[in-house]
Student: 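I have a structure I would like to understand better, so I am pasting it below and will then ask my questions one at a time.
Atom set for the values below is all heavy atoms of this structure, side chains included, hydrogens, waters and symmetry mates excluded. Keep in mind it's a predicted model, so treat the numbers as computed, not measured.
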Amino acid sequence: MNRYERYLDDYRAEKANTGELLALTGEELAHSIARLAEADQAELTQAAVYCLEVALDHCRELCRGAMPDQAAASLIGLLFMLLHRKVNPESLPALYCRALTQVVFTSFAAAQKAQSEGDAYAREHWTAIVLQQVALAAATLRFLAPTEGVNPDQCAKILEIAEKDASVPTTWHSAPITPRSAIDILGDSTSRLLALGLLD
């Protein structure tokens, strides 16, 4: 167990200051991304697993701090980077699906935040991100069908929305959306986040 994991255990036991944990998870995420960038093929999956685990912790703390837009941006940017590094989602199916489901719900929270702030421009982008991420998550959940490591209620909700909401896209560039659509869909979401100033 490393320093980060020990601190998280202590935090959960003692309920330490939220800002302190947010800073720690952010710092550890930056370190894990740097290690991922340097990982060779043999280390790639393990580095990706740790990166996603830290990112999910950091996402949770950002949401606790009323920053769902930054939380969703962090996860989307990381998933896009993992696919560019040729990480195979099938090598970490439950964690990958957990990250995709978290993207959906944090993006929805970000859209609600934009609406409450009267930011029509941000709300338009976040609404588009939510819909395309629902489509990607649903396709991936159907294909990978994780049986553990994910929230079954969240997964069921995503599949229900994808089935019943006509505004959720079923095609991307005239082809049916499948898990292999991920890099294109995440790329579009990343472009929207760049336009919103949430990624650089």
Side-chain angles (χ1 to χ4, degrees), residues 4-5 8 11-12 18 21-22 24-26 28-30 32-33 36 45 47-83 85 87 89-114 122 125-162 165 168 177 179 181-183 185-190 192-193 196 198-199:
Y4 168 74
E5 291 167 325
L8 280 185
Y11 165 77
R12 290 177 179 126
T18 300
L21 187 63
L22 178 59
L24 181 80
T25 55
E28 189 64 22
L29 180 57
S32 67
I33 288 172
L36 178 72
T45 298
V49 165
Y50 186 66
C51 218
L52 276 175
E53 288 174 342
V54 177
L56 286 163
D57 286 332
H58 189 55
C59 174
R60 181 174 57 250
E61 296 310 313
L62 285 167
C63 288
R64 280 163 52 90
M67 294 177 278
D69 46 354
Q70 293 185 36
S74 293
L75 273 178
I76 290 169
L78 176 59
L79 288 169
F80 189 52
M81 186 181 81
L82 292 180
L83 294 180
R85 283 286 281 121
V87 173
E90 293 183 48
S91 67
L92 54 161
L95 190 56
Y96 181 71
C97 287
R98 183 179 158 207
L100 287 179
T101 58
Q102 201 59 45
V103 163
V104 170
F105 289 101
T106 52
S107 296
F108 181 69
Q112 289 182 310
K113 179 183 176 184
H125 277 299
W126 279 115
T127 299
I129 289 171
V130 169
L131 293 173
Q132 62 196 32
Q133 292 302 325
V134 166
L136 174 60
T140 307
L141 287 167
R142 292 188 193 105
F143 179 75
L144 294 178
T147 56
E148 57 184 25
V150 293
N151 183 316
D153 293 334
Q154 288 185 339
C155 294
K157 185 64 176 176
I158 288 170
L159 292 170
E160 179 185 5
I161 294 170
D165 190 337
V168 175
I177 290 176
S181 309
I183 197 161
I185 292 176
L186 289 166
D188 187 86
S189 292
T190 298
R192 292 177 183 279
L193 295 170
L196 291 173
L198 289 165
L199 290 176

Student: Say you draw a straight line from CG of L198 to CH2 of W126; how long is it, rounded to the nearest 0.5 Å?
Tutor: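 Answer rounded to 0.5 Å: 6.0 Å.
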Student: Are D57 and E61 close enough that some pair of their side-chain heavy atoms sits under 4.5 Å apart?
Tutor: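 Side-chain contact under 4.5 Å: no.
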Student: Start with the C-alpha gap between L21 and R64, add the side-chain angles, then the distance that decides, and say whether side-chain contact (heavy atoms from CB on, under 4.5 Å) holds.
Tutor: CA-CA 11 Å; L21 187 63; R64 280 163 52 90; 6.0 Å; no
Student: Identify every side-chain donor-acceptor pair in residues 129-143 under 3.5 Å, counting partners at least two apart or on other chains, and give the distances.
Tutor:
unit_1 : atom_1 : unit_2 : atom_2 : d
Q132   : NE2    : D188   : OD2    : 3.3
Q132   : NE2    : S189   : OG     : 2.4
Q133   : NE2    : S189   : OG     : 2.9
T140   : OG1    : L136   : O      : 2.8

Student: More than 12 non-hydrogen atoms from neighbouring residues, nucleotides or ligands closer than 6.0 Å to CZ on F105, yes or no?
Tutor: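 Yes, the 6.0 Å shell around CZ holds more than 12 heavy atoms from other groups.
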Student: Find out whether L56 and R60 are in side-chain contact, i.e. whether some heavy atom of one side chain is under 4.5 Å from a heavy atom of the other.
Tutor: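 They are not in side-chain contact.
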Student: Can you name the nearest heavy-atom pair linking L196 to A122, along with the distance?
Tutor: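 It is CD2-CA, 3.6 Å.
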Student: Do you know the tightest heavy-atom contact between Y50 and S32?
Tutor: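 Closest approach of Y50 to S32, heavy atoms only: CD2-CB, 3.9 Å.
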Student: Which atom pairs, donor and acceptor, lie under 3.5 Å between side-chain atoms of residues 68-79 and protein residues at least two apart or in another chain?
Tutor:
unit_1 : atom_1 : unit_2 : atom_2 : d
D69    : OD1    : K113   : NZ     : 3.4
D69    : OD2    : K113   : NZ     : 3.4
S74    : OG     : Q70    : O      : 3.0

Student: Could you pull out every donor-acceptor pair under 3.5 Å between side chains of residues 89-104 and any protein atom, sequence neighbours left out?
Tutor:
unit_1 : atom_1 : unit_2 : atom_2 : d
S91    : OG     : N88    : O      : 2.6
T101   : OG1    : C97    : O      : 3.3
T101   : OG1    : R98    : O      : 2.8

Student: Test side-chain contact (heavy atoms from CB on, under 4.5 Å) on L82 and L36; report intermediate values, then the result.
Tutor: CA-CA 9 Å; L82 292 180; L36 178 72; 3.2 Å; yes
Student: I need the minimum non-hydrogen distance between S181 and I177, along with the two atoms involved.
Tutor: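 Closest approach of S181 to I177, heavy atoms only: OG-CA, 3.5 Å.
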Student: Kindly indicate, with the supporting measurements, whether the criterion side-chain contact (heavy atoms from CB on, under 4.5 Å) is fulfilled by F108 and T127.
Tutor: CA-CA 7 Å; F108 181 69; T127 299; over 6 Å; no
